[in-house]
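Heads up, the thing below is written out as structure tokens.
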Amino acid sequence: MYRVGIIGCGARGAGRTGAARGHEHWRAWAATGQCQLAAVADIVADNAAAFAEQYQDPAAPAQQFTDYRQMLAEAKLDAVSICTWPALHAPMVLAAIEAGVRAIHCEKPMAPTWAQARTMAEAVERAGTAIIYTHQRRFESQFRAARRLVRSGAIGELLQIEGTCPNLFDWGTHWLDMFHFYNDESPARWVMGQADVGRAPKTFGVPIEEQGMAWIAYANGVQAVLLTGRDRRWPEMNRLIGTKGVIEVQMVGPDGKGIPVRIRGEGDVDWRIPEIVAED
């Protein structure tokens with residue numbers, strides 16, 4: 001059994017600003033059957049208490065803290081989920097490494113700045129700590145179906161990947177991850193980008209672009225373009241362009257509207273919807 005701690009225990013509701021991701025993290029840890037909720041930390045004591053009451057094993061109550069540093073110092077944790085806003089990720093990750101935590105699951109976006117992101121990456125590399133960020137799209141059925149089609153040669157040789165979404169920082173990080181997913185994790189060879197930050201709207205307290213463009217060339221020759229902002233012409237979607245066809249992958253809203261995946265390959269006179277295998 002692994003001793004797990006959750007940092008950030010808020011719930012959704014009126015007047016709340018968080019996304020309650022800690023709840024989803026713990027349910028996933030618990031589903032392994034190998035994890036014990038050993039400790040919880042939240043600056044609001046009531047949040048920590050409610051979280052512990054909802055999920056803890058009565059025979060082994062979780063310790064409750066309002067200071068994550070104290071939790072890391074006292075709880076002797078194997079793993080930690082960090083479910084707070086991005087500005088807090090770097091200090092919390094570094095503190096967890098310092099405390100000897102061996103595995104960290106941190107929410108995305110990774111950090112407000114490249115310098116903080118690089119600092120975290122270098123720290124976990126030195127310590128040998130396992131760390132992941134919440135890029136869950138690669139486990140969802142429509143994206144896996146699209147990759148299977150690409151790998152089967154359904155659109156010939158993959159040439160270009162396109163994506164659109166509201167912003168680079170919050171949404172765009174998912175699509176950049178998906179570009180790697182579709183493209184067999186080929187590293188980027190060069191990147192170009194431009195952003196209009198005229199009004200500087202904010203997401204999670206971090207200034208983001210009004211409009212943006214990222215152009216990426218990968219080592220295997222595939223290129224990708226990500227368009228972000230309020231004036232984009234598509235909804236949140238990906239397009240995979242090959243020598244013999246095109247695949248489009250779209251997010252389906254809560255209302256169920258939208259087609260998760262469609263393909264127009266060699267010989268197709270119109271779009272067709274492929275079978276989507278239910279994922280575990």
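The figures that follow rest on heavy atoms only: side chains count, while hydrogens, waters and symmetry mates do not.
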Legend entry - Main-chain N/O of Val277 paired with Ser141 side-chain donor or acceptor, under 3.5 Å: no
Inset, instruction - Would you check if there is a donor-acceptor pair between the side chains of Glu162 and Gln160 at a distance under 3.5 Å? - result: yes
Legend entry - Any side-chain donor near an acceptor of the partner, Asp57 and Gln36, under 3.5 Å: no
Legend entry - Arg69 (side chain) donor-acceptor with Ala95 (main chain) under 3.5 angstrom: no
Inset, instruction - Check whether the side chains of His180 and Tyr218 place a donor and an acceptor atom closer than 3.5 Å, and report yes or no. - result: no
Inset, instruction - Find out if a path of hydrophobic residues (ILVMFWY) with successive side-chain heavy-atom gaps under 4.5 Å connects Trp29 to Val101. - result: no
Legend entry - Donor-acceptor under 3.5 Å (Arg232 side chain, Gly229 main chain): yes
Legend entry - Under 3.5 Å donor-acceptor, Asp42 side chain and Cys9 backbone: yes
Legend entry - Donor-acceptor contact below 3.5 Å, side chain Lys202 vs main chain Ile208: no
Legend entry - Test item: side-chain donor near acceptor, Tyr182 and Asn238, under 3.5 Å: yes
Inset, instruction - State whether the side chain of Thr203 and the backbone N or O of Asp170 hold a donor-acceptor pair below 3.5 Å, judged by distance alone. - result: no
Inset, instruction - Consider only side-chain heavy atoms of I, L, V, M, F, W and Y, link residues closer than 4.5 Å, and tell whether Ile6 and Tyr68 are in one cluster. - result: no
Inset, instruction - With Ile247 as reference, evaluate Ile241, Leu149, Leu158 under the side chain to side chain contact (heavy atoms under 4.5 Å, CB included) test and give the passing residue. - result: Leu149
Inset, instruction - Please state whether the rings of Trp175 and Phe143 are parallel, tilted or perpendicular, taking 30° and 60° as the class boundaries. - result: tilted
Inset, instruction - Verify, without hydrogens or angle tests, whether His89 (side chain) and Ala111 (backbone) share a donor-acceptor contact under 3.5 angstrom. - result: no
Inset, instruction - Look up atom CD in Glu140 and atom CZ in Arg138, then write down how far apart they are to the nearest 0.5 Å. - result: 12.0 Å
Legend entry - CH2/Trp114: more than 12 non-hydrogen atoms of other groups inside 6.0 Å: no
